[in-house]
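Reviewing the structure listed below.
Every chain is numbered from 1 and lettered A, B, ... according to where its sequence line falls, protein lines coming before strand lines.
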Amino acid sequence: MHPYRTHTCNDLRAEHAGQTVKLSGWIFRKRDHGGILFIDLRDHYGQTQVVVHPSRSFFEELTHIKLESVATFVGRVTLRDAATANPEIPSGAVEMVADACEVQSVSEQTPLYLAGEEDIAEEVRLKYRFLDLRRASLHQNILLRSQVIAHLRRQMTAQGFNEFQTPILTCSSPEGARDYLVPSRVHPGKFYALPQAPQLFKQLLMVAGFDRYFQIAPCFRDEDARADRSPGEFYQLDMEMSFVTQDEVFRVVEEVLYSTFTTFSKLAVDAAPWRRIPYREAMLKYGSDKPDLRIPFEMCDVTGIFRDSGFNAFAGAIKTGAVVRAIPVKGIKNQPRSFFDKLVEHAKSLGSKGLAYLIWDGDTIKGPIQKFLKPAELSALAGTGSMQDGDVMFFVCDEPGKAARISGDIRGKLGRDLGLIEKGVFRFCWIVDFPMYELDPETSAVAFSHNPFSMPQGGMEALEKTPPLDILAYQYDVVCNGVELSSGAIRNHRPDIMFKAFALAGYPQEEVEAKFSGLLNAFRYGAPPHGGIAPGVDRIVMLLAGAENIREVIAFPMNQKAQDLMMGAPSSVTEKQLRELHIQLRSQPKPPPQA
RNA sequence: GGGGACGUGGCGCAAUUGGUUAGCGCACCGGACUGUCGAUCCGGAAGUUGCGGGUUCGAACCCCGUCGUCCUCGCCA
């Protein structure tokens, strides 16, 4: 007989009755009746009830053993009668009556109780992650992640992609987020950087002629955390293709993501092709470049209606460049006054001067700003938002960027607070036609708005003839339920167009040459037109798991301050290590807090 | 760096808003119990209310500072 087990804790069924088997696992729960002891033995696969009679030599030891100890049992599989069977668990038709027991490993009292369902402070969960990972929900999430990644690999391979590895120690990139740096021992004063993404390497693989690249790629960015953004590292399904148009990239991603979401979720998934929303339309209708299409109302611009109105707070602001965005919501006229007051306060906390609204009530229109508006203006608003009895229209007036941000936030809050978010669906869309340039709000100079290496739509001709702020890029995002799943672009593979694009943003050719010599060099020896995208694996799994927080789908995440509470990273290093790396600290680290 | 919420035995929460010895559930320890499956019943131990200072006859509660966690803005080409 195997030293540890003949079956897992989820194998035994009625047909095994009468067999002598061996099981190993964790002691999940105990029910001690004095004259009989029930143990729920748990492993990765499930759980099985083990019955221990007091005549057994190990009975006394087991009545006192701590939960989460690991033990091996030998015993006979016994059919449970109708009264004692447990239909709640798959192995509930049978139980094992123990004849022998070997304790493999005793547990101390665990700092979190694994058999309960109470919330546990995240600090404790992270410090004892190996225990938290035993709990069913997190255990299943990590398993789901494993299966999703295996599925992504199969999908990509089936579509003719090859998987590559790219360096983890590379060089610091001048654009983008802050880098994680690694000091060089051999080269005093020089540093490697962990890649923010394998962007340059995958483009170089295209130049090398590999045609279709993918990688489940670790990406490292030294940025502050969010609920959907783990600090330190995250994973992307990174892909790149040669000789493709934007539409071909879309088809690949639609096929892979549709297959993944329908395979691993029971929710409805938008069929391809997904809606394409130009960036400017998204900012107007949703106030965001990652709109949640489950919310059943969209914003509209009503600047023209307020421009010459008697509502001076808006009319005056419009003269200095402000716009007015309206948020029409159906059937909420009976919300209490406090609802509207709280929403006004919320708008102010976002930096808005206020939040105006009108309520359509029967034949009349009510609300704080009604008295400032002429009947023609009111009816124009009613027409714009198709307003009917019971509907309410909110108004945000500010400079365009701020108006979009504030109205977009309020749209989301209304959707959540009123329970209007469509349930049980994954709503996908593409955000396309990102502007190549925008005005730097501080210097008013033309600057890249997103990725400087994207191909401008219209190529060199557009750069030469179109006003910079009107030039669009072949750049695109995939958005699902308000979560940005990935960002990609058709790349600029032509040095001449690249120099021109950078020149418009104020970079002289010598500087571009100095900063991006590796890529430019490669493009001088015959570069194929190419493009790609990189869906975020963590966010995909988070959506599929229905998790509110990305740490729920990462086995060993760091906390918000980028610390690993279990391993104690980051940590101090010895003076000897620092000396070898030619590093002298500028200031002494603070002593650890007493708390 | 800014804003918000929170911090009470191992874990999750409470304490009539400044008033007796800081309670409850789970876990833990001891006992009882031969069919439970979140077993039940009886008993017990376990707290410098994150830390430091202040106000007060009296502070978990109010004030100041500080540390920590999460959410968020900035940031994320």
[atom1]/[X] to [atom2]/[Y] distance, rounded to the nearest 0.5 angstrom?
X: Gln47(A); Y: Ile89(A); atom1: CD; atom2: CD1; result: 5.0 Å
X: Arg416(A); Y: Asp292(A); atom1: CZ; atom2: CG; result: 9.0 Å
X: Lys413(A); Y: Leu418(A); atom1: NZ; atom2: CG; result: 9.5 Å
X: Leu504(A); Y: Phe448(A); atom1: CG; atom2: CZ; result: 8.0 Å

Please state the [atom1] separation for the pair [N] and [M] - nearest whole angstrom.
N: rG12(B); M: rG52(B); atom1: C1'; result: 28 Å
N: rU40(B); M: rA46(B); atom1: P; result: 25 Å
N: rC24(B); M: rA14(B); atom1: P; result: 16 Å
N: rG7(B); M: rC13(B); atom1: P; result: 9 Å
N: rC67(B); M: rC11(B); atom1: C1'; result: 22 Å
N: rU48(B); M: rU8(B); atom1: C1'; result: 12 Å
N: rU20(B); M: rG38(B); atom1: C1'; result: 36 Å
N: rG47(B); M: rA39(B); atom1: C1'; result: 30 Å

Interatomic distance where [atom1] belongs to [X] and [atom2] belongs to [N] [whole Å]:
X: Leu114(A); N: rG10(B); atom1: CG; atom2: C1'; value: 12 Å
X: Glu108(A); N: rC11(B); atom1: CD; atom2: P; value: 15 Å
X: Arg42(A); N: rC37(B); atom1: CZ; atom2: P; value: 20 Å
X: Leu37(A); N: rC33(B); atom1: CG; atom2: P; value: 15 Å
X: Leu131(A); N: rG10(B); atom1: CG; atom2: P; value: 16 Å
X: Glu88(A); N: rA39(B); atom1: CD; atom2: C1'; value: 15 Å
X: Asp409(A); N: rG74(B); atom1: CG; atom2: P; value: 11 Å
X: Leu41(A); N: rU36(B); atom1: CG; atom2: C1'; value: 16 Å

Partner of [N] by Watson-Crick or G-U wobble geometry, both contacts under 3.5 Å, or none?
N: rU49(B); answer: none
N: rA5(B); answer: rU69(B)
N: rG25(B); answer: rC11(B)
N: rC41(B); answer: rG31(B)

Looking only at side-chain N and O atoms, does Gln109(A) come under 4.0 Å of OP1 or OP2 in rC28(B)? no
Under 4.0 Å between a side-chain N or O of Asn559(A) and OP1 or OP2 of rG68(B)? no
If you find the nucleotide of RNA chain B closest to Gly35(A) and the one closest to Met558(A), which residue's nucleotide is nearer the 5' end? Gly35(A)
Which residue lies more 5' along RNA chain B, comparing Arg551(A) with Pro452(A) via nearest heavy atoms: Arg551(A)
Residue pair Glu552(A) / Pro557(A), side-chain heavy-atom distance below 4.5 Å: no
Would you say the side chain of Arg221(A) lies within less than 4.5 Å of the side chain of Arg229(A), judging by non-hydrogen atoms?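 No, side chains not in contact.
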Looking for any heavy atom pair under 4.0 Å, which part of the strands does [X] touch: base, sugar-phosphate only, or nothing?
X: Glu122(A); result: sugar-phosphate
X: Gln563(A); result: sugar-phosphate
X: Gln196(A); result: nothing
X: Ala447(A); result: nothing
X: Ala177(A); result: sugar-phosphate
X: Gln49(A); result: base
X: Asp32(A); result: base
X: Leu112(A); result: nothing
X: Arg125(A); result: nothing
X: Phe448(A); result: nothing
X: Leu67(A); result: sugar-phosphate

Side chain of [X], heavy atoms from C-beta onward: which of [options] has the nearest atom to it?
X: His64(A); options: rC70(B), rG35(B), rG30(B); value: rG30(B)
X: Tyr113(A); options: rC71(B), rC26(B), rG38(B); value: rC26(B)
X: Arg221(A); options: rC37(B), rC70(B), rC76(B); value: rC76(B)
X: Lys66(A); options: rG35(B), rC70(B), rC29(B); value: rC29(B)

Would you say [Y] and [X] are linked by a side-chain donor-acceptor pair, where the criterion is simply a distance under 3.5 Å?
X: Asp433(A); Y: Gln457(A); value: yes
X: Tyr213(A); Y: Asp238(A); value: yes
X: Ser69(A); Y: Ser107(A); value: no

Can you check whether any acceptor in the base of rU36(B) is under 3.5 Å from a donor in the side chain of Arg80(A), or vice versa? yes
Do Arg31(A) and rC33(B) have a side chain to base donor-acceptor pair shorter than 3.5 Å? no
Below 4.0 angstrom, which residues in residues 222-240 of chain A have at least one non-hydrogen atom near RNA chain B? Glu223(A), Asp224(A), Arg226(A), Ala227(A), Arg229(A)
Would you call the rings of Phe516(A) and Phe453(A) parallel, tilted or perpendicular if under 30° counts as parallel and over 60° as perpendicular? perpendicular
Minimal heavy-atom distance between Ala217(A) and Pro198(A), with the atoms involved, is CB-CG, 3.5 Å
Tell me whether His33(A) and rA39(B) count as stacked here, given that the ring centres must be under 5.5 Å apart and the planes must differ by less than 30 degrees.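 It does: the two rings, one from His33(A) and one from rA39(B), meet the stacking criterion.
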